[in-house]
Each structure stands twice: as structure tokens, then as C-alpha cells.
Amino acid sequence: MDTKRRVLIVAYDDAQILDIACPSGALDIANRYGAQPPYSIELATLGRRAARSSAGILVGAGHGLEAVTGRLDTLIVVGGIGCEEAAADERLVGQVSRLSRLSRRVASVCTGAYVLAAAGLLDHRRVTTHWGWGERLAERHPAVAVDASPLYIRDGNVYTSAGVTSALDLTLALIEDDHGPTLARAVARELVTHLHRPADQAQISMFLAAPPPEDRLVRDLMGYVAGHLAEDLTPAALAARAGVSPRHLARLFTAHLGMTPVRAVRAARTEAAAYLVRSSALSMAAIARRCGFGSAETLRQAFLDHYGVTGDRIRRMPDMPRARIAPGQKTPGP
């Protein structure tokens with residue numbers, strides 16, 4: 001009897017190679033760290049053709065989708081700029097639909113959600129995808145509840161993840177579900193990545209930022225801020241993390257960002273919140289919690305201070321408003 005957890009990754013032309021590498025690499029490391037039962041990792045394409053990734057690298061497939069039979073533990077559909085063509089391919093979508101019925105759970109990486117949606121597997125479920133593709137997915141599939149803000153979402157036995165490297169967060173969550181947190185931590189250490197970012201952490205934290213400051217300490221701290229908006233980001237906490245005094249931290253931020261640590265943190269939280277207002281249907285209270293504001297009223301005031309408009313106005317505006325204070329501009333007050 002085969003006791004392995006059989007994982008089938010579905011690829012196609014113009015798939016993002018990282019969408020293939022992230023889950024397969026993490027599961028391989030889990031095996032090397034003693035996953036029991038181990039994962040059996042397989043890659044399949046239509047007709048067993050090599051898939052040409054969007055980077056131009058050919059990825060060989062071990063199976064043709066049409067020939068896959070037997071029970072699967074996990075079916076993973078990758079994303080990439082070829083997702084729309086893949087979602088329009090009736091043969092591919094039909095095979096994904098068939099294989100989903102053989103699988104304990106189904107997952108998509110990034111825009112692989114387009115293929116799952118075309119197969120009807122996301123109807124009446126809350127799902128996520130890459131932040132830049134969520135609105136189009138929602139328009140094409142009104143029965144799908146798209147929330148393009150979290151890193152990944154589990155709805156029943158269906159998992160969807162955001163862009164590219166969030167596949168690591170999703171895969172670490174799957175490993176933890178299967179084998180517990182100790183193994184997941186070991187895999188994360190081997191990958192030199194976070195263990196593991198919360199599913200509902202905003203995607204925005206990975207890309208919304210002003211041009212990075214030249215000073216490495218300030219740059220690293222602002223990267224930390226962007227990924228931990230809801231946590232303690234007081235000057236004392238940031239100074240302790242950096243191993244400097246709060247006074248020295250303030251001097252560095254003023255010199256390289258033109259603002260104090262308090263102002264910089266508030267700006268990062270406000271800009272992330274503005275993105276969530278524009279890209280999701282989350283309430284102001286939920287966005288306030290996710291971005292580290294104490295209440296919806298505190299967030300409303302932050303929008304007024306930073307953009308000169310309220311969150312409701314931001315949601316209705318065709319373009320993002322401009323911040324009143326540009327990076328590097330000297331600011332009054334704390």
C-alpha cells in the first residue's frame with residue numbers, strides 16, 4: 001500500500017516558474033526533514049508536454065494530465081501570465097475538474113485561481129489571487145468571492161494564495177496541517193523565510209513602499225514594518241529590534257526618510273490601508289485592525305492627515321490620491 005501523500009502540480013505554457021518551484025521545493029525539504037508519510041511530488045501537463053515557463057525555461061512533466069488516475073492528496077494549479085489562456089482551454093479545465101474529484105484538497109498559486117474558477121471549483125467560496133489580477137477574476141466569475149488582500153485563504157478543502165512567493169506561506173501552512181509546527185519551522189529555517197506569515201497578512205506589505213532608503217538599518221526596519229503592520233511598532237520596539245537607542249533611531253529616520261519613526265510607521269500603515277480600501281470589500285474596521293490602527297475612527301483620521309480625504313472617498317476615487325507628504329519631505333510634529 002502506498003503511504004505517500006501524493007501531490008500533483010499542474011503546469012502550462014507561460015506559467016511562472018517560481019509558482020512551480022516554491023511548493024515543490026518546500027515539500028521536498030519537508031521530506032528530507034522526515035515528513036511521515038512523505039510527499040510524492042509530481043508535475044503534469046496536457047499531453048505530458050514540457051511547459052515553457054514565462055522565463056523561457058522548459059520544465060519537463062512526468063505525467064500527462066489525461067493519464068493521471070488514482071487518489072491524490074493535493075492538487076495544485078500554478079499561475080503565471082499564461083493563466084487566462086489556460087483557463088480558456090477546455091481540455092485543461094476539464095482535467096483539473098476531474099482531478100479535483102480525486103483529491104483530498106485543491107490549491108492554486110497566484111493566478112492559478114483563474115483555472116480553478118473556470119472549472120467551477122471556486123463558486124461561492126472566498127478566495128484570493130495576485131493583487132493585480134483580483135478585480136478581473138471577480139468580474140469574470142461573479143459567484144466567486146474574491147478578496148485580493150490576504151496571502152492565502154482556506155475555504156473548506158480549497159486553498160488559494162496570492163502572488164508568487166506567497167506559495168511558500170501556503171505550502172508551509174499545508175505542511176503544518178499535515179505534520180505539525182515543528183516540521184514546518186524546520187522547513188522555513190532551511191528556506192531562510194518567515195514561519196510563517198499569517199494567512200490574512202496583507203499582500204500590500206510586500207510591495208507598497210517608497211524608494212528604499214540608502215541606510216541599511218532604516219531599510220531593514222521599514223521592510224519589517226511593512227510585514228508586521230498590526231504588531232508593536234513603537235520607536236522603543238523598533239530601536240530594540242535594531243539594537244540602537246530610540247534617540248539614535250530617530251536621528252537615522254529623520255536623516256534618511258525625512259520623518260520620525262512614528263510618522264514613518266503611520267505612513268506605512270495608512271498607505272497599506274488605502275490599498276486594501278481600493279482592492280477589497282473589507283470593512284473599515286477590519287482594515288483598521290489588519291493595518292495596526294486602533295479603530296475605524298483612527299484610520300479615518302489617518303486618511304485625512306495623509307491624503308486629505310476619507311476612506312469612503314478613496315474607495316470611490318478612480319485613482320489613488322496623492323499623499324500630502326512625499327518621502328523625504330520634512331514633517332512637523334512627531
Side-chain angles (χ1 to χ4, degrees), residues 5-24 27 39-125 127-130 132-144 146 155-164 167 170-171 174:
R5 295 183 185 271
R6 190 181 180 197
V7 178
L8 186 73
I9 299 174
V10 178
Y12 45 82
D13 284 342
D14 281 328
Q16 166 59 251
I17 195 166
L18 286 174
D19 287 9
I20 300 170
C22 285
S24 60
L27 294 175
Y39 295 100
S40 170
I41 309 158
E42 306 169 23
L43 184 72
T45 62
L46 280 176
R48 200 182 173 184
R49 295 185 302 105
R52 183 178 295 278
S53 75
S54 56
I57 297 172
L58 286 175
V59 182
H63 302 278
L65 285 171
E66 308 88 336
V68 176
T69 59
R71 298 297 301 173
L72 299 173
D73 182 81
T74 309
L75 177 68
I76 300 176
V77 179
V78 304
I81 59 174
C83 64
E84 291 179 294
E85 186 172 346
D89 189 326
E90 293 182 358
R91 295 177 303 151
L92 177 65
V93 171
Q95 289 301 322
V96 167
S97 178
R98 177 183 71 85
L99 292 169
S100 72
R101 296 189 290 272
L102 303 177
S103 305
R104 178 172 70 92
R105 60 190 175 194
V106 177
S108 64
V109 177
C110 192
T111 53
Y114 275 64
V115 177
L116 295 189
L121 299 175
L122 303 185
D123 287 356
H124 312 298
R125 295 184 185 273
V127 308
T128 193
T129 187
H130 188 285
W133 293 70
E135 185 175 350
R136 200 179 324 175
L137 179 64
E139 290 174 352
R140 294 186 181 183
H141 300 278
V144 179
V146 180
D155 189 330
N157 71 330
V158 175
Y159 297 71
T160 52
S161 68
V164 194
L170 171 63
T171 310
L174 297 179

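Sequential numbering from 1 along the given sequence is applied to the chain's residues. Just so you know, these numbers use all the heavy atoms, side chains as well, and skip hydrogens, waters and symmetry mates. This is a predicted model, so every value here is computed, not measured.
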(request) Would you mind reporting whether V77 and V109 have side-chain heavy atoms less than 4.5 Å apart? (result) no
(request) Search all heavy atoms of A117 against all heavy atoms of L137 and return the closest pair with its distance. (result) CB-CD1, 3.9 Å
(request) Evaluate the side-chain proximity of V127 to D155: yes if any heavy-atom separation is below 4.5 Å, no if none is. (result) no
(request) Specify the closest pair of heavy atoms between W133 and Y114, including all atoms of both residues, with the distance to one decimal. (result) O-OH, 2.9 Å
(message) Determine whether a donor-acceptor pair (N or O, by modelled atom type, separation under 3.5 Å) exists between the side chain of H141 and the backbone of A143.
(response) no
(message) If I compare all heavy atoms of G70 with all of L102, which pair ends up nearest, and what's the gap?
(response) O-CD1, 3.6 Å
(request) State whether the number of non-hydrogen atoms from other residues, nucleotides or ligands found under 6.0 Å of E85 atom CD is greater than 12. (result) no
(request) State, to 0.1 Å, how close A44 and V68 come at their nearest heavy-atom pair, and which atoms those are. (result) CB-CG2, 4.5 Å
(request) Looking only at non-hydrogen atoms, find the nearest pair between G60 and L43 and report the distance. (result) O-CD2, 3.3 Å
(message) Strictly distance-based, threshold 3.5 Å: is any side-chain N or O of S103 a donor or acceptor partner for the main-chain N or O of L72?
(response) no
(message) For the backbone of A15 and the side chain of S53, can you confirm whether one donor and one acceptor N or O come within less than 3.5 Å of each other?
(response) no
(message) Would you say that V59 contacts I17 through its side chain, given a criterion of any heavy-atom pair below 4.5 Å between the two side chains?
(response) yes
(message) When you measure from the side chain of S24 to the backbone of I20, do you find a donor-acceptor pair of N or O atoms at a distance under 3.5 Å?
(response) yes
(request) Examine distances only and state if a side-chain atom of T45 and a backbone atom of R49 form a donor-acceptor pair shorter than 3.5 Å. (result) yes
(request) Answer yes or no: is there a side-chain heavy-atom contact under 4.5 Å between I9 and E42? (result) no
(message) Quick check against the 3.5 Å criterion: does D13 have a side-chain atom that pairs as donor or acceptor with the backbone of R52?
(response) yes
(request) Please determine, by modelled atom types, if T74 and R105 share a side-chain donor-acceptor pair under 3.5 angstrom. (result) yes
(message) Rounded at 0.5 Å granularity, tell me how far OG in S40 sits from CZ in R5.
(response) 12.5 Å
(message) Using every non-hydrogen atom in the two residues, find where A51 and A11 come nearest and quote the distance to one decimal.
(response) CB-CB, 4.2 Å
(message) Go through it in stages, so that I can follow the logic: the residues are E84 and R136, the test is salt bridge (Lys or Arg N to Asp or Glu O under 4.0 Å), and I'd like the CA-CA distance, side-chain angles, deciding distance and then a yes or no.
(response) CA-CA 11 Å; E84 291 179 294; R136 200 179 324 175; 3.1 Å; yes
(request) Could you check E135 against R140 for salt bridge (Lys or Arg N to Asp or Glu O under 4.0 Å), going step by step and ending with a plain yes or no? (result) CA-CA 9 Å; E135 185 175 350; R140 294 186 181 183; over 6 Å; no
(message) Which residue is it: V144, N157, L116? I am looking for the one with a side-chain contact (heavy atoms from CB on, under 4.5 Å) to L121.
(response) L116
(request) Determine whether Y39 and R6 make a side-chain contact, defined as any pair of heavy atoms from C-beta on separated by less than 4.5 Å. (result) no
(request) Drop me the distance from Q95's CD to L8's CG, to the nearest 0.5 angstrom. (result) 10.5 Å
(message) With a 4.5 Å cut-off on side-chain heavy atoms, are C83 and Y12 touching?
(response) yes
(request) May I ask you to test the V146-T128 pair for a side-chain heavy-atom distance under 4.5 Å? (result) no
(request) State the OG1-NE2 distance between T160 and H130, to the nearest 0.5 angstrom. (result) 14.0 Å
(request) Would you indicate whether the side-chain heavy atoms of V10 and L75 approach each other to under 4.5 Å? (result) yes
(request) Determine yes or no for a side-chain-to-main-chain donor-acceptor pair under 3.5 angstrom, with D14 supplying the side chain and I81 the backbone. (result) no
